[in-house]
Q: 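Submitted below is the structure of interest, expressed as structure tokens.
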Amino acid sequence: MIIGNHKESYASDEAIFRTPATRAWMGIAAVAALVFPFVAGDYLLYLANLMAVLALGALGLNILIGFTGQISLGHAAFMGVGAYATAILASRFGLPFWISIPAGGALATGAGMVVGAPSLRIKGLYLAIATLSAQVIFEWIFTNWTSVTGGIRGLNVAPASIAGFRLDTDERIYFLIVGVTVVHFLLATNLRRSRWGRAFVAVRDRDVAAEIVGVNLFRTKILAFMVSSYYAGIAGGLWVYFTKVVTPETFPLSLSIQFLAIVIVGGLGSIKGTVYGTVFMTLVPELLKAGTGLARVVWPTAQSYLFPLRDVVFGLLIVVFLIFEPHGLAEVWNRVKRFFSLWPFEK
Amino acid sequence: MTRRAVIGALRITRIHAPRNQHGKERMTGRPVGESEDRDILSVEGLSLSFGGLAALTLVDLSVRAGSVTGIIGPNGAGKTSLLNCISGFYRPQRGRVTFDGKDVTRVAPDRRAGLGIGRTFQNVALFEGMSVLDNVKLGAHTRLSSGILSTMAFTPSARREELRLREEVENEVLDFLEIEHLRHRTVGSLAYGLQKRVDLARALAMRPRILLLDEPVAGMNEEETEDMARFILDVREERGVTIVLIEHDMGVVMDLCDRIAVLSFGERIALGSPDEIRRDPEVIRAYLGEEAA
Ligand SMILES: Nc1ncnc2c1ncn2[C@@H]1O[C@H](COP(=O)(O)OP(=O)(O)OP(=O)(O)O)[C@@H](O)[C@H]1O
Ligand SMILES: [Mg+2]
């Protein structure tokens, strides 16, 4: 609450981390993130890297769907564009990661601009279909433009290195991946509370009113597509240095669906929710995998039956959340916080 | 025609004493900004039809800078359609809209906003999931210049711009309309009367040169109506904003307006001062039907 009309109080009211409690929690989280790779085992470290890449990509989709209300079923394809551009620049031209990753992001931005161009005229289901066809077309290019993409064998990439220091273990690459992801989460937070973030949400909430206050619908929608696919492209670039290989199967339609599930389960339009959604949607299949491992003891062919269950579970979760908790885990979390309101959580 | 309009027509001579007094006090000071002897907006020969239905037929209207112009008429007369042609949502089949000497007939609505045409809606059109503050800030969208990259990086200039906007919005709009205590409330959770006020707040944040108000007091109780009427007069007097308003509440129209245009079945059947309109036989006929005339 603001008492008096002090400049300082507006400034603090407009700050990202508003309360001392939030700032304290953020400090604790930062320290934990820095210590994590030194104490976590290989498996947890792998999961952390995977989740950081997915969260970054999902955040891009959340900006598109959650902020501006434009659906996309082709998000994985933009990640693929970024990944291939990064891999080609790194492996063919020997460029360092700090050039190849941003370049991948830039190319994905361009792809997003092209695919987003019809968004002024088409909405909802039609936009879903248009982006779906982008997914199919890009996948086809990744597979068939063999001279550039290496076809189904894909491309191998040497580990990222900076000043002779090779980021060739999960532990080392962790700092690059998590660092880039954290920075991009902060950028998105700034975006959300800026004139452009407001314009994005205005277009979603009521496009007629957005126009009346001077928001250019076309420009804003395209911009959202560009930011969204930029995020996907950067995530793709990080993926390249995480796995050191890209193949067309890395960016299938099912990954686009997975992003969609993360965003819906986490909370449409919620930046924090993107993290919750990613963690949840990554751990669910891991638990399923562990489950099938156990089942194999008594039922040797379990895997072939239970593996496709993953997609079923994803689909089910999307439907369940859309029906019962359209604001996603972010809202569930808010309720938990309210329940424990005695704790020193942010208000 | 609704009962309300009939009652409004019959109440034509009713005068709200306090508001009128207030109005007179203010009337002596000349509005800031716009001079009064110049047309800021003119509509010439405007025709608009939807399929076979003529919503507007050859409508002419000119609005003096700094004046309050009322548009009245029975339901379905084409009042909102006229406003939509002025703000750019409808493209008239014929005719011309000139704003500040510039032909804007083919200019897109978002560009007209940038030129200084502000607007509120008959059934508030707010961004319901956003806070009051964000809604109002959106009104200033075209007056801000930070690009998307600098807002993401939150550069010093983007930060300065955002803080300046916040101060300006607080002082010029939220304080003025007495909604500063609601700044962090979600708009969808507010009562209708307050939502209408936020709608006006958003339009004011545009710092418009002309404000188009579509039934600003519809659905309000007596007290809210008085408040809104006072705000409208203050906007005109203190900021020199030209006002065009559609209203069914004849008390408000007669009190606030310098000139009134009457629409009936898409045609402008009368134009004049409140006194002239009150006595115009054609207006009385349009409101009360043939049998009463
Ligand atoms: N988008 C549209 N499509 C089809 N017909 C329309 C459209 N907008 C308005 N009309 C028609 O044009 C006519 C004028 O409507 P308009 O909304 O301008 O009336 P109004 O004077 O504002 O009425 P009210 O007092 O009820 O608000 C009506 O017959 C209406 O049905
Ligand atoms: Mg109307």
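Computed from a predicted structure; not experimentally measured. Here is the naming used below: chain letters follow the sequence lines, and residue numbers restart at 1 for every chain.
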Q: Please say whether the positively charged group of B/Arg202, taken as NZ for Lys or CZ for Arg, lies over the ring of B/Phe127, i.e. under 6.0 angstrom from the six-membered ring centre and within 45 degrees of the axis.
A: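 The answer is yes, since B/Arg202 meets both limits relative to B/Phe127.
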
Q: Ring of B/Phe176, cation from B/Arg239 - is the NZ or CZ under 6.0 Å from the centre and inside 45° of the axis?
A: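 Yes.
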
Q: Please indicate whether A/Arg121 has more than 12 foreign heavy atoms, meaning atoms of other residues, nucleotides or ligands, lying under 6.0 Å from its CZ.
A: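 No, because the 6.0 Å sphere around CZ of A/Arg121 holds 12 heavy atoms or fewer from other groups.
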
Q: For chain A, which of B/Ala108, B/Gly88, B/Ala125 has the most heavy-atom pairs under 4.5 Å?
A: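 It is B/Ala125.
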
Q: Using heavy-atom distances under 4.5 Å, tell me whether A/Arg204 contacts chain B through its side chain, its backbone, both, or neither.
A: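 Neither the backbone nor the side chain of A/Arg204 comes within 4.5 Å of chain B.
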
Q: Can you say whether B/Val187 sits under 4.5 Å from chain A via the side chain, the backbone, both, or neither, judging by heavy atoms?
A: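 Neither part; nothing is under 4.5 Å.
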
Q: Need one label for B/Leu126: side chain, backbone, both or neither, based on atoms under 4.5 Å from any heavy atom in chain A.
A: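 Contact with chain A is through the backbone of B/Leu126 alone.
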
Q: Taking side chain as everything from C-beta outward and backbone as N, CA, C, O, which of these in B/Met130 sits under 4.5 Å from a heavy atom of chain A? Side chain, backbone, both or neither.
A: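 Looking at B/Met130, backbone and side chain both touch chain A.
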
Q: Can you tell me if A/Arg193 has over 12 outside heavy atoms packed within less than 6.0 Å of its CZ?
A: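 Yes.
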
Q: Checking side-chain polar atoms at under 3.5 Å, does B/Asp199 have a donor or acceptor matched by the opposite partner on B/Thr120?
A: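 No, because no side-chain N or O of B/Asp199 sits under 3.5 Å from a partner of the opposite role on B/Thr120.
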
Q: If we define contacts as heavy-atom pairs under 4.5 Å, which of A/Ala209, A/Ser194, A/Ala188, A/Ala210 has the most with chain B?
A: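 With the most close heavy-atom pairs to chain B, the winner is A/Ala209.
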
Q: Given heavy-atom pairs under 4.5 angstrom as the criterion, report whether the side chain, backbone, both or neither of A/Phe200 touches chain B.
A: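 Just the side chain, heavy atoms under 4.5 Å.
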
Q: Looking at chain A, which one of B/Lys137, B/Arg111, B/Arg143 has the largest number of heavy-atom pairs inside 4.5 Å, strictly under?
A: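 The answer is B/Lys137.
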
Q: Under 3.5 Å, is there a donor on one side chain and an acceptor on the other for A/Tyr231 and A/His75?
A: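 On atom types as modelled, these side chains do not qualify, holding no pair under 3.5 Å.
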
Q: Under 4.5 Å heavy-atom distance to chain B, tell me which part of A/Val183 shows up: side chain, backbone, both or neither.
A: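 Neither; nothing under 4.5 Å.
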
Q: Please state whether the side chain, the backbone, both or neither of B/Glu180 comes within less than 4.5 Å of a heavy atom of chain A.
A: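 The answer is neither part of B/Glu180.
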
Q: What is the distance from atom CD of A/Glu211 to atom CG of A/Asn216, rounded to the nearest 0.5 Å?
A: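 Rounded to the nearest 0.5 Å, the CD-CG separation comes out at 8.0 Å.
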
Q: Looking at CZ of B/Arg164 and CZ of B/Arg159, how far apart are the two atoms once the value is rounded to the nearest 0.5 Å?
A: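 Output value for this atom pair is 12.5 Å.
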
Q: Given a strict heavy-atom distance threshold of 4.5 Å, which part of B/Ser145 is in contact with chain A: side chain, backbone, both, or neither?
A: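 Contact with chain A involves the backbone of B/Ser145 alone.
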
Q: Between chain B and each of A/Leu191, A/Leu217, A/Ile212, count heavy-atom pairs under 4.5 Å; write down the option with the most.
A: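 Highest number of pairs under 4.5 Å: A/Ile212.
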
